[in-house]
Amino acid sequence: MTDLIVRGGTVVTAAGAAIADVAVEGGRIAAVGPDLGSDAREVVDAAGLLVLPGAVDVHTHVRVASDAEPDRFFQDSVAAAFGGTTTFLAFNNPGTGGSAAAGRTLLDGLRSWRARTEGDAAVDYAVSLVITPQLEDAIAEMAGAIELGVPTFKAFMVYDFGVDDATLYRALAMAGASGGMLQVHCENAVLLEALTARHLEAGETLPRYHATSRPPYVEAEATARAVALARAARAPLYVVHLSCREALDVVRIARAEGRPVFSETCPHYLTLDESRYLLPSEEAAKYVISPPLRAAGQGDALWEGLADGSLALVGTDHVPDRVAVEKRSWRESFDRISNGAPGIETLLTLVYSEGVAAGRISLERMVDLLATTPARLFGMRFKGAVEVGRDADLVLFDPGARRTLRQADLHHTSDYTPYEGRAVVGAVRSVAVRGSWVVRDGAFVGRRGFGRFVERELERLS
Ligand code: MN
Ligand code: MN
């Protein structure tokens with residue numbers, strides 16, 4: 001017998017939208033079509049609502065639970081659910097002393113991360129492994145991780161856990177040869193250091209200098225270098241958090257040449273600008289994100305890149321830092337402030353409101369950007385579409401709702417939202433993961449540990 005029929009909603013795929021019913025059996029979508037009847041254990045009326053595939057957020061820094069903060073992973077997974085995200089990717093960075101640090105090799109780190117997140121999430125999740133100079137033989141272990149269903153890796157061109165060009169080249173080549181993909185944080189470390197030092201020597205320590213210490217050319221140069229390294233390594237390249245038209249131009253040229261270069265941007269680059277850094281320091285620290293927020297007008301260039309296919313998808317770069325904890329060093333100087341801002345719960349809402357409702361992208365393109373393409377690029381073949389055979393990860397979305405985003409209404413583990421007070425159109429009403437309701441009419445009805453680790457395998461990219 002059919003487990004669930006969602007009746008009469010507007011089912012949206014990357015290719016089109018039509019009023020249809022969705023039938024679910026055994027956690028998977030069994031049928032999509034008109035009038036599937038009501039012979040099911042549960043029938044839910046979705047008239048007037050959009051039926052969307054759950055968003056797949058491929059860029060989050062959801063923290064693993066610790067003794068001091070045992071609910072951190074679970075609680076941010078609940079926030080994901082409230083926002084309509086049914087699968088998220090986190091990172092394991094054993095090269096830093098932070099959250100998930102344990103084990104000095106890539107595979108030890110993976111085993112430890114798996115153990116510490118097992119049975120903790122409310123929605124499905126996966127992980128990418130960070131390649132750092134602190135790890136032993138990380139590049140040699142990449143093939144082993146791919147065999148364990150973890151085919152994506154991250155490397156930084158800046159920070160003390162960043163890699164030099166030679167290591168980046170070798171990691172790209174290994175990924176290319178073994179069916180993996182590298183996600184690269186592209187900024188020029190030499191320029192960033194020089195510009196930071198110049199500000200500090202001049203006594204310029206306010207958060208506003210975060211933006212001027214890493215201007216667009218710092219990002220664009222590194223993006224071009226990563227493209228060249230990937231080209232020589234015969235590897236795909238995934239550029240994380242692209243923030244400006246200067247870097248977008250680099251990606252556009254590479255794609256026009258037919259290279260497998262893919263890039264994401266983030267909601268904050270689409271909806272906020274650098275004027276936030278002129279706020280009083282404690283407030284400005286909330287927007288210390290890398291790359292930084294850019295000049296007004298840069299967001300329009302990114303929306304165009306999303307609309308014309310130059311940018312592949314939107315990920316959040318969710319960092320659940322708190323002003324009162326991780327970011328409290330805003331008093332010292334801009335280069336001491338923990339980088340990042342929360343966003344796991346506001347992805348779909350912001351892209352719908354500022355993208356679809358504002359007329360910048362179509363509903364179908366939004367579904368492609370938030371679900372279908374991230375699932376495909378990151379090797380999750382059962383995710384990302386309301387289509388027979390896929391997991392029944394469904395979002396019932398009210399396109400006409402109007403509300404104001406407030407920290408008080410959110411569920412993430414940060415203590416603020418960068419979108420406080422922003423009026424938005426549209427609201428997530430109910431969310432199912434593999435056919436089970438996790439959010440129902442705006443209330444959490446899921447359970448800790450329901451979320452499963454998704455083993456992934458990439459399509460060959462060429
Ligand atoms: Mn980054
Ligand atoms: Mn990040």
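Model, not experiment: these values are computed from the prediction. Order of appearance sets the numbers: ligands from 1, and atoms from 1 within every ligand. In what follows, residues are counted from 1 in the order of the sequence shown.
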If the condition is side-chain contact (heavy atoms from CB on, under 4.5 Å), which residues does [X] pass it with, not counting sequence neighbours?
| X | result |
| --- | --- |
| Ser436 | Phe450 |
| Val395 | Leu52, Leu348, Phe397, Val428, Val431 |
| Thr316 | Asp57, Thr60, His318, Leu347 |

Protein N, O or S atoms at less than 2.8 Å from the Mn ion (ligand 1), how many?
->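 For the Mn ion (ligand 1), the figure is 2.
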Classify the ring geometry between His185 and Phe156 as parallel (under 30°), tilted (30 to 60°) or perpendicular (over 60°).
->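 Tilted: the ring planes of His185 and Phe156 meet at 30° to 60°.
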So, [X] and [Y], do they make that salt bridge, N to O below 4.0 Å?
| X | Y | result |
| --- | --- | --- |
| Arg245 | Asp300 | no |
| Arg225 | Glu187 | no |
| Arg72 | Asp120 | no |

Name of the His61 atom (N/O/S only) found closest to the Mn ion (ligand 2) |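 Looking only at N, O and S atoms of His61, the one nearest the Mn ion (ligand 2) is named NE2.
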Name of the His59 N, O or S atom nearest the Mn ion (ligand 2)?
->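 It is NE2 of His59.
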